[in-house]
Chemist: 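The structure that follows is given in the form of structure tokens.
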Amino acid sequence: MPNRRWGRADFERPTLEVCRALMGQRLVSLTEPGRRLAGRIVEAEAYIGQEDLGCHARSGRTPRNQVMWGPPGHAYVYFTYGKHWMLNLVTEADGFPAAVLLRALQPEEGLESMGKRRAGRPPSQWADGPAKLCQALGLDGNWNGHDLCRAESRLFVEFGPVIPEADVTWGPRVGLNSVPEPWKSIPWRSRIVPARQAEQEGGHGHARR
DNA sequence: AGCACGATTAACT
DNA sequence: GTTAATCGTGCTC
């Protein structure tokens, strides 16, 4: 019996609530025939609307950020720094631009494939960053706009354990160096307490940052 | 058409 | 701790 997948209503909620609820959930990719690539989400950030000056939607609707303005439950994948892809999951109602950036996964399934894509590095460094997790899973711009809620979707979120409140910490979002306050420091990054990550995963591997 | 810079990473001192 | 890499995007001229 496969685990239940996140549906439209799970994404169509306040972004901070989704960011919190994603902790401990499993991101799954079925792009490789007969194989599951999956990892537990252990870190994420909320980007909420035009007023959030750290959010791409600050400059209005553009070709790049248009997916964020669309219906929830879709992937917003963008390119930055000339070489990196980032995966966001669109939240809130259709028409309101918001999303959660997935920042770190704890690799769980398809380790051989992830190891190939992240060759030469230890498992702890396969998906401990927003661009690294995209590389580990082979995600790029082709996934922009992908609907995670369709039954036949090859990319989706699976329900995992509920992480206790005591095991989740919040802090400022990373990399918003020239963004004005309060947006630069507002604590919209959620994380599972590192010491608890290995424990909940059942004894395999470690994800650090 | 030109320009400054980025929701980062890896390498280096 | 600091910095180069690298190019698409959005803004200005």
Side-chain angles (χ1 to χ4, degrees), chain A residues 11 14-20 22-23 27 39 41-70 72 74-92 96-107 114-146 148 155 157 168-192 194 206-209:
Chain A
F11 292 101
T15 307
L16 286 169
E17 192 178 320
V18 176
C19 190
R20 165 65 178 87
L22 280 170
M23 294 299 99
L27 179 69
I41 299 168
V42 295
E43 182 180 348
E45 286 174 352
Y47 289 87
I48 314 175
Q50 288 187 122
E51 296 192 357
D52 172 5
L53 297 183
C55 180
H56 288 166
R58 64 182 175 274
S59 40
R61 193 170 189 147
T62 69
R64 175 167 80 153
N65 71 27
Q66 61 168 322
V67 174
M68 253 202 306
W69 297 75
H74 290 246
Y76 167 41
V77 184
Y78 71 90
F79 186 71
T80 190
Y81 288 103
K83 54 173 70 162
H84 302 301
W85 294 99
M86 308 273 183
L87 171 64
N88 300 254
L89 307 182
V90 176
T91 59
E92 314 226 17
F96 185 87
V100 171
L101 169 73
L102 300 189
R103 286 197 62 91
L105 301 180
Q106 194 172 333
M114 293 192 209
K116 261 186 196 167
R117 293 204 181 82
R118 300 285 299 149
R121 299 165 181 86
S124 63
Q125 289 171 28
W126 286 352
D128 64 333
K132 297 182 198 178
L133 76 86
C134 283
Q135 195 189 339
L137 295 182
L139 300 173
D140 61 20
N142 292 320
W143 290 91
N144 191 38
H146 187 88
L148 283 74
L155 182 69
V157 174
V168 176
T169 56
W170 292 87
R173 294 173 293 182
V174 176
L176 306 188
N177 302 307
S178 61
V179 170
E181 299 290 3
W183 312 110
K184 179 176 176 177
S185 302
I186 198 165
W188 284 356
R189 173 170 64 128
S190 66
R191 238 183 139 190
I192 298 182
H206 303 274
R208 298 166 192 272
R209 246 190 102 62

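The figures here come from the full heavy-atom set of this structure, side chains too, leaving out hydrogens, waters and symmetry mates. Numbered from 1 within each chain, the chains take letters A, B, ... in sequence-line order.
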Chemist: Whole angstrom is fine here: how far is it from NE2 in His84(A) over to P in dC5(B)?
Modeler: 19 Å
Chemist: Looking at Arg103(A), does any N or O in its side chain come under 4.0 Å of the phosphate oxygens OP1/OP2 on dT8(B)?
Modeler: yes
Chemist: Please identify each residue that fulfils salt bridge (Lys or Arg N to Asp or Glu O under 4.0 Å) with Arg117(A), with sequence neighbours left out.
Modeler: Glu32(A)
Chemist: Pairs in or reaching into residues 78-89 of chain A: which pass salt bridge (charged side-chain N to carboxylate O under 4.0 Å, His left out), with residues at least two apart or in two chains?
Modeler: none
Chemist: Quickly work out the Met86(A) CE to dG6(B) P distance and round it to whole Å.
Modeler: 12 Å
Chemist: In whole angstrom, give the distance that lies between atom CG of Leu53(A) and atom C1' of dA7(B).
Modeler: 14 Å
Chemist: Nearest whole Å is fine: how far is dT9(B) C1' from Leu101(A) CG?
Modeler: 14 Å
Chemist: Roughly how many Å is it from CG in Leu133(A) to C1' in dT8(B), rounded to a whole number?
Modeler: 12 Å
Chemist: Starting at atom CG of Asp128(A), determine the distance to atom C1' of dT8(B), rounded to an integer number of angstrom.
Modeler: 12 Å
Chemist: Could you pull out all residues at least two apart from Thr62(A) that satisfy side-chain hydrogen bond (donor to acceptor under 3.5 Å, both in side chains)?
Modeler: Asn65(A)
Chemist: Would you check if Val18(A) and Leu89(A) make a side-chain contact, meaning some heavy-atom pair closer than 4.5 Å?
Modeler: no
Chemist: For Gly175(A), answer base if it contacts any base atom (sugar-phosphate contacts may also be present), sugar-phosphate if it contacts only those atoms, and nothing otherwise; contact means non-hydrogen atoms under 4.0 Å.
Modeler: sugar-phosphate
Chemist: Under the side-chain hydrogen bond (donor to acceptor under 3.5 Å, both in side chains) test, which residues partner Ser59(A), sequence neighbours left out?
Modeler: none
Chemist: If only side-chain N and O atoms of Arg118(A) are considered, is one of them under 4.0 Å from the OP1 or OP2 phosphate oxygen of dA10(B)?
Modeler: yes
Chemist: How far, in whole Å, is dT6(C) from dG2(B) if one measures between their P atoms?
Modeler: 22 Å
Chemist: Would you kindly give the NZ-to-C1' distance between Lys184(A) and dG6(B), to the nearest whole Å?
Modeler: 14 Å
Chemist: What is the distance from CH2 of Trp126(A) to P of dA10(B), rounded to the nearest Å?
Modeler: 14 Å
Chemist: Can you give me the N/O atom pairs linking the protein to nucleotides 6-8 of chain C at distances under 3.5 Å, or say none if there are none?
Modeler:
from	atom 1	to	atom 2	distance (Å)
dT6(C)	O2	Tyr81(A)	O	2.5

Chemist: Residues two or more places apart in sequence or in another chain: which of them pass ring pair (Phe, Tyr, Trp, His ring centres under 6.0 Å) with Trp143(A)?
Modeler: His146(A)
Chemist: Choosing from dA10(B), dT8(B), dA7(B), which nucleotide comes nearest the side chain of Arg121(A)?
Modeler: dA10(B)
Chemist: If you compare every side-chain N and O of Ser59(A) against the phosphate oxygens of dG10(C) (OP1, OP2), does one of them come in below 4.0 Å?
Modeler: no
Chemist: With Arg58(A), which residues qualify under side-chain hydrogen bond (donor to acceptor under 3.5 Å, both in side chains), at least two apart?
Modeler: none
Chemist: Ion pair present between Asp128(A) and Arg121(A), side-chain N to carboxylate O less than 4.0 angstrom?
Modeler: no
Chemist: Give one of base, sugar-phosphate or nothing for Asn88(A), where a contact means two heavy atoms less than 4.0 Å apart.
Modeler: base
Chemist: Kindly determine whether Leu176(A) and Trp183(A) satisfy side chain to side chain contact (heavy atoms under 4.5 Å, CB included), including the steps that lead there.
Modeler: CA-CA 8 Å; Leu176(A) 306 188; Trp183(A) 312 110; 5.8 Å; no
Chemist: When you measure from the side-chain N and O atoms of Arg58(A) to the phosphate of dG10(C), is any distance below 4.0 Å, counting only OP1 and OP2?
Modeler: no
Chemist: Could you please name the option among dG6(B), dT8(B), dA7(B) that lies closest to any side-chain atom of Met68(A)?
Modeler: dA7(B)
Chemist: Toss me the dot-bracket line for DNA chain B: Watson-Crick and G-U wobble, both under 3.5 Å, 5' to 3', using | for pairs to another strand and [ ] for crossers.
Modeler: ||||||.|||||.
Chemist: Could you work out, with side-chain hydrogen bond (donor to acceptor under 3.5 Å, both in side chains) as the rule, every residue matching His84(A), not counting sequence neighbours?
Modeler: none
